[in-house]
Number of protein chains: 2
Amino acid sequence: MSYDNAKRDSGSVMKTVIQTIHAELIAVLVAVTGSVPRVLTLADGSAFPAGPLELTHRSLQAGVRAWVERQTHHPLGYIEQLYTFADPTRGATVAGDQAERSISISYLGLTREIASGGDTVSWQNIYRYFPWEDRRSDPTLIERTIRAEMGRWVGTSAERAARVNACFGLDGSPWNEDLALSRYELLYEMGLVREAARDGQSNNGEFIPGAMMHADHRRILATALSRLRAKIKYRAIVYELMPESFSLLELQRCVEALAGQRLHKSNFRRLLASQNLLEETAHYAPGVGRPAKLFRFRAALLAERAIAGTRLPIARP
Amino acid sequence: MSYDNAKRDSGSVMKTVIQTIHAELIAVLVAVTGSVPRVLTLADGSAFPAGPLELTHRSLQAGVRAWVERQTHHPLGYIEQLYTFADPTRGATVAGDQAERSISISYLGLTREIASGGDTVSWQNIYRYFPWEDRRSDPTLIERTIRAEMGRWVGTSAERAARVNACFGLDGSPWNEDLALSRYELLYEMGLVREAARDGQSNNGEFIPGAMMHADHRRILATALSRLRAKIKYRAIVYELMPESFSLLELQRCVEALAGQRLHKSNFRRLLASQNLLEETAHYAPGVGRPAKLFRFRAALLAERAIAGTRLPIARP
DNA sequence: GTAATAGTGTCTTTCAGACAGTATGAC
DNA sequence: GTCATACTGTCTGAAAGACACTATTAC
């Protein structure tokens with residue numbers, strides 16, 4: 001029996017309803033400029049570049065590139081697939097025998113920031129949407145608000161308390177920057193972000209600061225931030241974000257901006273040295289104080305990428 | 001200006017072609033049985049459970065669950081999204097003013113193996129499709145074949161040589177089990193797997209052993225294997241694969257099966273102990289030699305999951 | 001000289017790799 | 001006792017974390 005027969009045999013009864021599926025491509029473009037991580041947005045910060053998958057697109061990635069360039073006139077470097085959503089709020093609706101369904105395929109891109117192309121096209125600070133994710137200065141500012149609001153939701157449930165503590169690094173749990181998405185989802189579930197009220201979730205408390213976005217775009221941004229923070233630890237993705245040459249401190253500030261945490265200078269440098277990613281240039285950056293030596297990424301880097309990986313306790317023969 | 005207006009302003013000229021998009025859901029279900037990692041297949045091992053996204057599906061995940069249960073009658077536990085493909089070989093075709101396009105959204109699931117449900121439904125050894133990925137016994141067997149065939153493709157290109165060495169752990173580079181997808185893609189590009197010839201890639205050499213699959217299912221399996229191997233290092237996903245209780249060696253064999261490598265016993269145990277995942281049971285497994293103590297996963301594990309994460313050199317204030 | 005920023009040395013603790021050992025069963 | 005498998009102890013070297021130090025500019 002062929003594959004197609006196998007499928008038909010165990011398939012469902014056909015319906016006469018005609019189903020139309022809309023596939024939307026969404027791009028989250030990230031750059032880091034002067035210690036601020038930013039995303040490229042439309043509509044004054046409330047949405048990402050997006051558009052339907054079209055016939056002229058040779059691939060999903062090509063489609064994303066086309067839409068971003070059309071809508072923002074911003075050149076596009078490295079991009080990778082993020083996640084595919086079938087947003088229930090924009091989900092299946094049936095009218096007569098016509099049914100509609102919408103799928104969003106999101107991509108994450110990394111670039112250097114270039115002057116934005118249109119009136120409503122702009123670069124926005126990522127932490128405008130997630131103030132609680134930036135712990136570079138004083139983490140306690142927002143923490144206090146969150147802790148108070150959460151207390152109400154947790155109530156007497158030990159399970160809820162454990163979840164909140166793990167997500168937000170409270171009560172002995174360490175803060176884990178990768179959990180950005182989990183934190184957003186938790187806040188949403190608790191009814192503490194504005195979208196929750198809009199989407200008809202129960203809302204028991206005050207809203208936590210942080211700008212809302214169109215549809216589920218803010219959730220997509222949280223997904224992007226989580227992915228970015230996890231990836232920066234085992235891949236040299238900062239490559240795409242830095243200019244031709246840069247000082248070591250600039251590189252550190254870039255990673256700090258994404259991680260939302262301050263890093264330890266000399267340990268950071270030791271790590272860099274062990275990775276053998278950089279090479280010196282002959283130039284120095286001017287400024288107050290001692291001038292900083294400028295570095296660039298090693299050219300041979302492309303071939304070697306993605307070899308490190310984490311460790312398992314492998315047995316040697 | 002609203003979001004929708006912004007989109008329309010910079011949008012393309014509308015075409016009168018009506019575009020139909022087919023969204024297919026594909027499930028890669030993995031289990032480990034007796035030191036063998038296996039996948040659930042249809043059509044005697046040549047395809048995965050799959051079916052179109054339907055109106056009745058409340059979400060993508062629900063759709064996947066429905067199709068798997070319908071086609072294989074196998075219960076489904078933990079699943080996560082894998083990748084979305086717009087396969088060019090099954091891609092855009094235009095007939096009159098009707099255009100068609102197919103998207104595949106794949107999911108990875110983890111389970112314990114249960115007797116398979118239909119005639120052509122079966123569990124297959126993953127390494128049947130990627131013999132070169134199993135290095136538990138003798139890595140040199142296939143390595144020799146691969147090395148010979150690759151030599152031809154590499155030629156005098158230093159860049160190609162570097163890529164091959166990094167992927168296959170030759171010439172001083174360490175073997176990295178996570179690169180399963182890269183290795184498959186490289187072999188495909190070199191024309192050394194059967195699909196390459198089928199899809200019209202140039203074929204310069206002999207084929208490397210390994211069973212072919214329907215459409216791009218083997219590529220999807222490679223994606224799944226890579227994801228699984230990467231994830232097993234920072235998440236306790238083996239949880240889903242093991243029975244109620246098990247010996248430490250059984251757990252080790254399970255990880256080894258997925259990683260395709262032997263692990264170091266006492267170091268593996270030390271790692272387990274530091275993670276605090278397990279608790280003892282009162283029972284012992286019988287067998288030749290000293291009976292093994294049986295363990296189970298700690299119940300409190302659910303709340304704590306996904307907190308570990310890798311490290312950045314964080315500065316303490 | 002001071003202020004300001006750039007960059008290095010090194011001590012201590014923790015952890016990963018390797019190898020040796022002991023424990024408990026069947027016979 | 002032997003054989004086979006289960007499990008533990010510990011030595012060693014390599015990283016990770018923390019802290020203090022020196023270097024080079026502008027003024």
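Chain identifiers are assigned alphabetically (A, B, ...) following the order of the sequence lines, protein sequences preceding nucleic acid strands; residue numbering begins at 1 within each chain.
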Original post:
When you check the gap from the basic side-chain N to the acidic O, do B:R112 and B:E244 get nearer than 4.0 Å?
Top reply: no
Original post:
Any Lys/Arg nitrogen of B:E280 or B:K293 sitting under 4.0 Å from an Asp/Glu carboxylate oxygen of the other?
Top reply: yes
Original post:
Quick one: the side chain of A:R270 and the base of D:dG17, do they pair up donor-acceptor inside 3.5 Å?
Top reply: yes
Original post:
If an axis is fit to five pairs at each end of the helix from C:dG1-D:dC27 to C:dC27-D:dG1, what is the angle between the two, to the nearest 10°?
Top reply: 20°
Nearest-Å distance for atom pair [atom1]/[atom2], residues [X] and [N]:
| X | N | atom1 | atom2 | value |
| --- | --- | --- | --- | --- |
| B:E280 | D:dA6 | CD | P | 16 Å |
| B:H264 | D:dC11 | NE2 | C1' | 13 Å |
| A:L248 | C:dT5 | CG | P | 17 Å |
| B:R262 | C:dG17 | CZ | C1' | 18 Å |
| A:N267 | D:dA16 | CG | P | 9 Å |
| A:E250 | C:dA6 | CD | C1' | 12 Å |
| A:L272 | C:dA6 | CG | P | 15 Å |
| A:F295 | C:dA6 | CZ | P | 12 Å |

Nearest to the side chain of [X], heavy atoms from C-beta on, is which of [options]?
| X | options | result |
| --- | --- | --- |
| B:V288 | C:dG9, D:dT24, D:dT5 | D:dT5 |
| B:K265 | D:dA18, D:dC7, C:dG25 | D:dC7 |
| A:A292 | D:dC7, D:dA18, C:dA6 | C:dA6 |
| A:P291 | C:dG7, C:dG17, D:dT24 | D:dT24 |
| B:R290 | C:dA6, D:dA6, D:dA16 | D:dA6 |

Subject >> Side chain A:R183, main chain A:D178, donor-acceptor under 3.5 Å >> reply: no
Original post:
Taking for each residue the nucleotide of DNA chain D bearing the nearest heavy atom, is the 5' side occupied by A:S274 or by A:G289?
Top reply: A:S274
**OP:** By nearest nucleotide on DNA chain C, pick out whichever of A:R253 and B:S266 is the more 5' one.
**Re:** A:R253
Subject >> Considering all heavy atoms, the nearest A:L179-A:S226 contact >> reply: C-OG, 4.0 Å
Original post:
How are the rings of A:F246 and A:F297 set to each other: parallel, tilted or perpendicular (split at 30° and 60°)?
Top reply: tilted
Original post:
Can you tell me if the side-chain N/O atoms of B:R269 get under 4.0 Å from OP1 or OP2 in D:dC7?
Top reply: yes
Subject >> Axial cation check for B:W175 ring with B:R229, 6.0 Å and 45° limits >> reply: no
Subject >> All salt bridge (Lys or Arg N to Asp or Glu O under 4.0 Å) counterparts of A:R128, not counting sequence neighbours >> reply: none
